[in-house]
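What follows is one structure encoded as structure tokens, with my remarks underneath.
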Amino acid sequence: MTKEKKSKPSKELPLGFVDRQEKELLVRDFIISNIKEVMIKYGFQNLETPSFEYSDSIGKFLPDKDRPDEGVFSFKDENKWLSLRYDLTAPLARYVAKNYLEIPKPFKRYQLGTVWRNEKPGPGRFREFLQFDADFVGTTSLQADAELCVMISEILERSGLAKSDYIIKISSRKITEELFKKINLIDNKQKLTALRALDKIDRLGWSGVKELLGAGRKDKSGDFTKGANLKSKDIVKIEETLKIKSPKTEDLVELVKIFKDYNFNNFEFDPSIIRGLEYYTGAIFEVNLKFDVTNNKGQVIQFGSIGGGGRYDNLVNNFGNFNAPATGISIGIDRLVYALMQKKEFKVKQTKPIVICVFDKNSMREYINLQTIIRKEGISVEIYPGVSKLKKQMEYANKINSPAVILYGENEIKSGKITLRNLSSGKEQSIEIKEIVNEIKKII
RNA sequence: GCAGCAGUAGCUCAGUUGGUUAGAGCACUAGUUUGUGGAACUAGGGGUCGGUGGUUCGAAUCCACCCUGCUGUACCA
């Protein structure tokens, strides 16, 4: 007798992928509806591009090509490499280049779509997630950059955040450019290491960043990270730059002025904001939450930003000779949902069906008629989907959080009255069929 | 990727220096005179103790390697 090893299919999900339940999806839908309304108000048009692109369309032309093959999910189709998109900006650049002659200039579009990243997930951070992205293509006006920040604020506040819950941090790639010129830092690799180091100041503090700018840093677990090996006098100059309280670069001075005209103050200049390394060319923004976010064990976690963006004047140009300076901003919708769901006062209304219990299959006609009457009023109702004892039907109704059950059995049919049981109070009442809708409305 | 810690039922965990048939709570299923949920009671199902190999008369327990998860770190367009 041979022992057969049954290899059952795995019920586990691939690393970084999750099932999303209704509770979360309702919040997501709520945010999306806010986004769509705001987008219309601000005059952006919707666009949908495919999940897959040719790998070179979304990767090859990016200047930030430190690790071209990592971070994306790819496969070879015939002889060409395809990749799942990792953001919505690269596909936009491709779209603009492809449709340059037809689209209005400037071009304002927004997009909601799933993106995929092949990297290590963290709390509230997955390998598949929904991103929202809005961009202006074809204008150098900082009015566009300002409008993006104001617009994001409006979306966040409509979705349930208070002004004190978030802040938009601004900086400019020009600051670091000037700084590197000043300290004569020209080696590209060193530049990137230095930028990455600066980006970590909120987490590691200046002392940690200083180590990363110099020889390197050992983390809590004892792991060592190589530094940028800058001279200590140059590190001092960097420290001085980081202490600047108000922006000196032309673009940010202008941006702040426009913010004033908008009466928008929920921003803060922070020269340590980096984002996207060499990808950006000018102003950059980052949307940060100001309240603590916890994991499922109640521990406060390092949540990071929920979105950001900035000016990328050269991206579309990589596809050819296009005059398409651009600026854009994106939000990680799922991260915003995750954070929003932790705010106690935040609730989205769920509509659960009233359950009509089944006593006798031969009365199905009565049940269906009743169901039709109630559904005509736009009220959620269902006939118990199955054949079970009444107890099971009640347990089912309770489990799905139904507000009430309708009992329409032998007794009721005989007397011509329906029994309506309120499931939160447990109270039952006997009512005429024509009154049923009114009574239900009182409960839900 | 690197480092530290961890992996026993669907979930949260117990399992004594290696010793019979591996336990509990919650959840689940069926009942407690069949027309009543969220409480109680009774009974039941469910685990090759993450995997593979080794040490041993004997491994959930010891060793090696692998896998997975958590945390930090790197990367994050």
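Numbered from 1 within each chain, the chains take letters A, B, ... in sequence-line order. Note: hydrogens, waters and symmetry copies are ignored here, and every other heavy atom, side chains too, is used.
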* Asked: Does the gap between the ring centers of A:F44 and A:F136 come in under 6.0 Å?
  ->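 For A:F44 and A:F136, the ring centres are under 6.0 Å apart.
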Out of [options], which has the shortest distance to the side chain of [X]?
X      : options                : value
A:K120 : B:rA74, B:rA77, B:rG35 : B:rA74
A:N398 : B:rA77, B:rG38, B:rA74 : B:rG38
A:T419 : B:rG37, B:rA74, B:rG35 : B:rG35
A:T225 : B:rC75, B:rA77, B:rU73 : B:rU73

* Compare the ring of A:Y86 with the six-membered ring in the base of B:rA77 and state whether they stack (centres under 5.5 Å, planes under 30°). =>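 Answer is yes, a stack.
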Both distances below 3.5 Å, Watson-Crick or wobble geometry, any strand: find the nucleotide opposite [N].
N      : result
B:rC13 : B:rG23
B:rG46 : none
B:rA59 : none
B:rA39 : none
B:rG18 : none
B:rU73 : B:rG1

For a quick check of understanding: with a heavy-atom distance under 4.0 Å over all strands, which category does [X] fall into, base, sugar-phosphate or nothing?
X      : result
A:Y396 : nothing
A:E119 : base
A:L204 : sugar-phosphate
A:E410 : base
A:K389 : sugar-phosphate
A:K200 : sugar-phosphate

* Option among A:D145, A:T281, A:T327 that satisfies the side chain to side chain donor-acceptor pair (under 3.5 Å) test with A:R311 ->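 Result for side chain to side chain donor-acceptor pair (under 3.5 Å) with A:R311: A:D145.
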Between [N] ([atom2]) and [X] ([atom1]): distance, integer Å:
X      : N      : atom1 : atom2 : answer
A:F224 : B:rC2  : CZ    : C1'   : 13 Å
A:K189 : B:rC75 : NZ    : P     : 12 Å
A:F17  : B:rG69 : CZ    : P     : 12 Å
A:R217 : B:rC75 : CZ    : P     : 11 Å
A:F359 : B:rG35 : CZ    : P     : 8 Å
A:E53  : B:rA77 : CD    : P     : 18 Å
A:L212 : B:rC75 : CG    : C1'   : 13 Å
A:E395 : B:rU29 : CD    : P     : 7 Å

* To the nearest 0.5 Å, tell me how far A:Y280 OH sits from A:T89 OG1. =>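 If we round to the nearest 0.5 Å, A:Y280:OH and A:T89:OG1 are 6.0 Å apart.
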Between [M] and [N] - [atom1] atom distance, rounded Å:
N      : M      : atom1 : answer
B:rC11 : B:rG69 : C1'   : 15 Å
B:rG44 : B:rC62 : P     : 33 Å
B:rC67 : B:rG58 : P     : 29 Å
B:rU21 : B:rA6  : C1'   : 29 Å
B:rG19 : B:rC28 : P     : 35 Å
B:rC49 : B:rG18 : C1'   : 15 Å
B:rU8  : B:rG51 : C1'   : 14 Å
B:rA22 : B:rC65 : P     : 30 Å

* Residues A:R127 and A:E119 bridged, charged N to O under 4.0 Å ->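 So A:R127 does not pair with A:E119 through a salt bridge.
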* Asked: Is the NZ atom of A:K210 crowded by more than 12 outside heavy atoms at less than 6.0 Å?
  ->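 Result for NZ/A:K210: open.
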* Could you pick out which residue, A:S425 or A:K392, lies toward the 5' side of RNA chain B when each is mapped onto its nearest nucleotide? =>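 It is A:K392 whose nearest nucleotide is closer to the 5' end.
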* Asked: So which one's nearest nucleotide on RNA chain B is more toward 5', A:S402 or A:K399?
  ->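 It is A:K399, whose closest nucleotide lies nearer the 5' terminus.
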* Would you call A:V209 and A:L212 a side-chain contact if the rule is heavy atoms closer than 4.5 Å? ->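 The answer is no, as the side chains (C-beta and beyond) never meet within the 4.5 Å cut-off.
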* To do: Evaluate side-chain hydrogen bond (donor to acceptor under 3.5 Å, both in side chains) for A:N422 paired with A:S424, printing each intermediate quantity in order.
  => CA-CA 6 Å; A:N422 182 328; A:S424 56; 3.0 Å; yes
* Asked: Would you say the base of B:rG35 and the side-chain of A:E428 have a donor-acceptor pair closer than 3.5 Å?
  ->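 Result: no qualifying N/O pair found.
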* Look at the side-chain N and O atoms of A:R421 and state whether any lies under 4.0 Å from the OP1 or OP2 oxygen of B:rG37. =>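 No, outside the criterion.
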* Under 4.0 angstrom between A:R203 side-chain N/O and B:rU73 OP1 or OP2 ->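 For B:rU73, OP1 or OP2 has a side-chain N or O of A:R203 closer than 4.0 Å.
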* Check the angle between the aromatic planes of A:Y396 and A:Y384 and answer parallel, tilted or perpendicular using the 30° and 60° thresholds. =>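 Taking A:Y384 first and then A:Y396, their aromatic rings stand perpendicular (interplane angle over 60°).
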